[in-house]
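Only one structure is covered here, and it is reproduced in the block below.
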Amino acid sequence: MDDNPDWHRTRLSIELCRMWNWRTDKGQLKDIACRTMLRKLEQRQLIVLPPPLRPGNHTRRIRDIPHRCDPIEGSLDDLRPIEIIMVNGRSDSDHLFHCLMDRYHYLGCHGHVGEHMKYVVYDCNKRPLACLLFGSAAWKTTARDRYIGWNAATRQGNLKLLTNNTRFLILPWVRITNLASFILGACLRRLRSDWYTRYGHDLCLVETFVDRSRFAGTCYQAANWLKLGQTKGRSRQDRYRKLKVPIKDLYVYPLTADFKKRLCAVG
């Protein structure tokens with residue numbers, strides 16, 4: 001920064017990625033992740049960045065997308081064929097995804113950092129039924145890490161082979177028995193292929209955390225996910241062990257038969 005005072009944040013992140021060869025498995029520079037790291041360093045007062053080119057926060061502005069809200073009841077067969085759309089870029093389905101998540105999911109959904117996959121589910125009449133988001137796995141979780149059998153070094157190298165089902169929304173006017181477990185199964189059957197197409201590497205295991213104060217995890221159990229245990233009531237932001245969050249049940253679903261061998265592999 002001293003040698004190049006006219007460089008803005010994006011130029012800095014791109015140059016750093018080139019210097020460190022910080023790339024995705026498809027060879028693309030991870031400059032967005034790098035900018036996130038730079039902002040965190042600045043928040044900790046370790047560096048001073050150039051002022052941003054566009055002032056204001058980075059929270060996504062959610063558009064209000066018209067959608068049908070009439071009750072959907074009956075049997076699963078009444079909805080077939082069910083269509084699961086992988087969301088790409090800032091498309092119409094992407095705007096609808098964020099609108100529905102923001103309005104109807106108790107945690108909302110404003111943005112993502114790192115590798116992720118979004119799906120919108122429609123019935124045979126093109127009515128939206130559900131939305132799913134898969135993103136970064138938890139950095140460390142005692143029950144999961146014990147189940148896998150890896151150490152800290154192999155976890156750091158292989159964590160990208162895991163993903164977390166961070167959001168699963170069945171729209172509130174949809175009341176169809178077994179729909180949630182059906183959607184989970186259908187998504188998991190295509191998730192590895194979609195992930196490899198987008199990011200150039202495989203997945204071995206999916207995890208999710210179910211808030212025990214709100215949900216029983218019935219759909220995950222019905223879809224043959226394995227319950228490993230519970231969290232300790234802390235979040236990934238709890239650096240000083242003072243932040244309390246609801247205790248959650250941890251479920252996992254293997255995508256390959258040899259997932260433990262692959263996750264514990266060195267190099």
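Numbers for residues simply follow the sequence, beginning at 1. Remember, it's a predicted structure, so these values are computed and weren't measured experimentally.
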Quick check: does any side chain N or O of [X] sit under 3.5 Å from a backbone N or O of [Y], one acting as donor and the other as acceptor?
X	Y	answer
R90	H95	no
D78	S75	yes
T166	F134	no
N158	A265	yes
R144	A138	yes
D123	N125	yes
Y199	H116	yes
H8	P52	no

Could you give all pairs that pass the ring-ring contact (aromatic ring centres under 6.0 Å, His included) test and reach residues 14-53, with sequence neighbours left out?
none

Only pairs at least two apart or in different chains count here, so list each salt bridge (charged side-chain N to carboxylate O under 4.0 Å, His left out) that has a residue in residues 170-186.
none

Quick note, salt bridge (charged side-chain N to carboxylate O under 4.0 Å, His left out) partners involving residues 253-263, not counting sequence neighbours, are D202-R262

Distance-only polar pair, side chains of [X] and [Y], donor-acceptor under 3.5 Å:
X	Y	value
N178	S181	no
S91	D94	no
W150	D145	yes

Just wondering, do [Y] and [X] contact through their side chains at under 4.5 Å, heavy atoms?
X	Y	value
L161	L205	no
L228	E207	no
M117	M86	yes
F182	I82	yes
N165	L184	yes
D64	C99	yes
V210	Y220	yes
L255	C204	no

What heavy-atom pair brings [X] and [Y] nearest, and what distance separates the two atoms?
X	Y	value
L38	L49	O-CD1, 3.7 Å
L133	C109	CD2-SG, 3.9 Å
L129	V174	O-CG2, 4.0 Å
A180	F168	O-CZ, 3.6 Å
I84	A186	CD1-CB, 3.5 Å
L162	I148	CD2-CD1, 4.3 Å

Would you please classify the geometry between the F215 ring and the Y106 ring as parallel, tilted or perpendicular, with 30° and 60° separating the classes?
tilted

Tell me every residue that passes side-chain hydrogen bond (donor to acceptor under 3.5 Å, both in side chains) with K160, counting only those two or more places apart in sequence or in another chain.
D25

So, applying ring pair (Phe, Tyr, Trp, His ring centres under 6.0 Å) with H67, which one of Y104, Y122, F97 is it?
Y104

Show me the side-chain donor-acceptor pairs of residues 245-253 shorter than 3.5 Å, one per line, residues at least two apart or across chains.
unit_1	atom_1	unit_2	atom_2	d
D249	OD1	R212	NH1	3.1
Y251	OH	Q221	NE2	2.9

Can you get from L79 to Y119 by hopping between Ile, Leu, Val, Met, Phe, Trp and Tyr side chains that sit under 4.5 Å apart?
yes

Presence of salt bridge, R11 and D6, under 4.0 angstrom:
no

Can E15 and R18 be counted as an ion pair, charged N to O under 4.0 angstrom?
yes

Residues two or more places apart in sequence or in another chain: which of them pass side chain to side chain contact (heavy atoms under 4.5 Å, CB included) with H105?
M101, L107, R167, L169

Mind running side-chain contact (heavy atoms from CB on, under 4.5 Å) on R198 and K26 for me, showing each step along the way?
CA-CA 9 Å; R198 178 172 292 179; K26 284 195 165 185; 5.6 Å; no

